[in-house]
Amino acid sequence: MKAIVSLNSGSSSIKFALYVLDADRAPSLSAAGKIERIGISPHLTIRDTSGETLVVQDWRDQHGLTHADLLAWLFDWAISHLDGREVIAIGHRIVHGGVDFAVPCLIDDLVLDELERLCPLAPLHQPHNLAAVRAITALAPDLPQVACFDTAFHHDRPELATRFAIPRAFHDQGIRRYGFHGLSYEYISRRLATIDPALAAGRVIVAHLGNGASLCAMADGRSVDTSMGFTALDGLMMGTRCGTIDPGVVLHLQTQMRMSPQEVETLLYNKSGLLGVSGISSDMRALSESGAPEAQDAIDLFTWRVAREAGALVSILGGVDGIVFTAGIGENHADVRSRICRRLEWLGIRLQAHGNMSNDTIISHPDSKVKALVIPTDEERMIALHTLSVLFGVAQ
Ligand code: ADP
């Protein structure tokens, strides 16, 4: 029996999933986990398919442990867990594929060089993604590694959706709207086609609401436009990111308030969003449990901004047939979904209260003009499917 591993390596965390392949090469999940707080005090949890905890490990105060150290630990664990099954490939989430990488591909030295050149476009994500590739190469030089891009799902949007209103030459140099969360949107698009094929063929807004958050307008299962642009800072308000902001604010912070580019980056990426507005937490659950008015302000602004962006995307689609909620908040937070849908009532969305509270798949009322659904995302599975299709040359 053979196995593959999906890796999603971020700045302070590594998410991973192990899949074993059956005789038809269909992947079934064997274990999944996350290492968090890398650089501070790494904490690992691994669960099996039924959600039972297989491993919990704390590397207390070992802030010197690098991604490469932890990947080496994980690699050893995976080999013993797989008990003789051979790992035949690793699939990586790579945030930026730039203009050229429209589909997943095998990583070789040339590809790695080209992806390296895209680091300035995603300085907080891409270097960590690529560091994981290098760490695996050091551990197993002959193991095939596949790059799966977060930008690829948005690659074939209409040209207009990719443009900023700045001189053409900048667009030609790559300063354009790329869009992210593509692996999640692709997974949702496929799931929706199974759950409700008629809706999947129509006009749908998918709301990926986690720590990072964005919306995607889909027609017939393809991305038409999305709220994130050049970087994953754009669009919705997020856990610690500001989302869309008047660029004049950035100029003001630098020229009038004398903040350095580094300070502005930290402010907008790490100190804004739910955390900045509430002054309490970046975590939606913590905010809903807090009685503080600042926490409520932050939640109100979050739902306001989702409704505002959704309205913009509905006008691009020329109407909407359904809205799908996914990721940590979208899958679990009934109150936030309900507040968003109330702001979108003018579209004809009506939730079914009980279904919404229970995180049912269909949460809209049977009379609702626009369907509302909750579909759990699974970026790791999408990575696994892409990895298999690159390895064996057939669509999975
Ligand atoms: P990431 O972008 O880091 O993958 P997630 O998709 O895990 O983020 O989403 C994290 C967000 O989801 C947090 O704001 C958290 O409060 C919220 N969340 C996760 N689980 C629940 C839950 N059961 N109820 C309400 N909110 C939740």
Side-chain angles (χ1 to χ4, degrees), residues 6-17 32-40 43-45 47 51 93 95 122 124-125 128-129 148 150 179-185 187-188 191 206-216 226-228 231-243 269-290 292 294-303 305-306 324-340 356-360 363 374-383:
S6 295
L7 273 185
N8 178 354
S9 180
S11 56
S12 65
S13 72
I14 299 170
K15 288 186 193 168
F16 53 90
K34 194 174 183 178
I35 308 176
E36 295 167 286
R37 297 168 56 80
I38 301 173
I40 308 166
H43 174 78
L44 162 90
T45 42
R47 296 180 199 285
R93 177 190 188 186
V95 157
L124 301 187
H125 295 98
H128 301 289
N129 302 158
C148 305
D150 241 350
F180 299 91
H181 288 140
L183 293 164
S184 172
Y185 290 131
Y187 180 80
I188 297 295
R191 285 287 298 136
V206 182
H208 177 110
L209 307 178
N211 277 320
S214 70
L215 301 183
C216 181
T226 183
S227 62
M228 278 180 174
T231 65
L233 192 56
D234 199 8
L236 302 180
M237 173 181 180
M238 301 173 225
T240 62
R241 289 173 245 166
C242 61
Y269 271 98
N270 305 117
K271 296 187 175 172
S272 296
L274 293 172
L275 175 66
V277 175
S278 69
I280 295 170
S281 174
S282 63
D283 189 280
M284 187 60 94
R285 231 178 328 184
L287 294 182
S288 356
E289 285 159 11
S290 159
E294 293 84 356
Q296 291 311 309
D297 278 352
I299 301 174
D300 278 348
L301 184 57
F302 182 87
T303 61
R305 294 283 294 270
V306 173
V324 177
F325 291 95
T326 193
I329 300 169
E331 290 166 26
N332 300 296
H333 209 306
D335 182 51
V336 167
R337 287 195 302 258
S338 149
R339 290 188 197 205
I340 291 168
N356 185 42
M357 286 306 293
S358 327
N359 300 327
D360 284 358
I363 57 170
V374 174
I375 304 180
T377 193
D378 193 343
E379 288 155 300
E380 281 72 31
R381 176 165 285 274
M382 202 63 242
I383 293 169

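Just follow the structure's listing: the first ligand is 1, and inside any ligand the first atom is 1. Predicted, not measured: the structure shown is a model, and the values here were computed from it.
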Compile the donor-acceptor pairs under 3.5 Å between side chains in residues 283-290 and protein atoms, sequence neighbours left out, one pair per line.
unit_1 : atom_1 : unit_2 : atom_2 : d
Asp283 : OD1    : Arg285 : N      : 3.0
Asp283 : OD1    : Ala286 : N      : 3.1
Ser288 : OG     : Met284 : O      : 2.8
Ser288 : OG     : His333 : NE2    : 2.7
Ser290 : OG     : Ala292 : N      : 3.0

- Message: Is there a side-chain contact between Asn359 and Glu331 in this structure, where contact means two heavy atoms from C-beta onward sitting under 4.5 Å apart?
- Response: no

- Message: Between Phe302 and Ile329, is there a side-chain heavy-atom distance shorter than 4.5 Å?
- Response: yes

- Got a sec, which residues hit side-chain contact (heavy atoms from CB on, under 4.5 Å) with Leu124, two or more places apart in sequence or on another chain? Glu265, Tyr269

- Please list, chain by chain and in numerical order, all residues satisfying side-chain contact (heavy atoms from CB on, under 4.5 Å) with Met238, sequence neighbours excluded. Ala213, Met228, Arg241

- Message: For a quick check: using heavy atoms under 4.0 Å, what are the residues in contact with ligand 1, sorted by chain and number?
- Response: Lys15, Gly210, Asn211, Gly212, Asp283, Met284, Arg285, Ala327, Gly328, Ile329, Asn332, His333

- Item | Shortest non-hydrogen contact between Leu183 and Met382, atoms and distance | O-CG, 3.5 Å

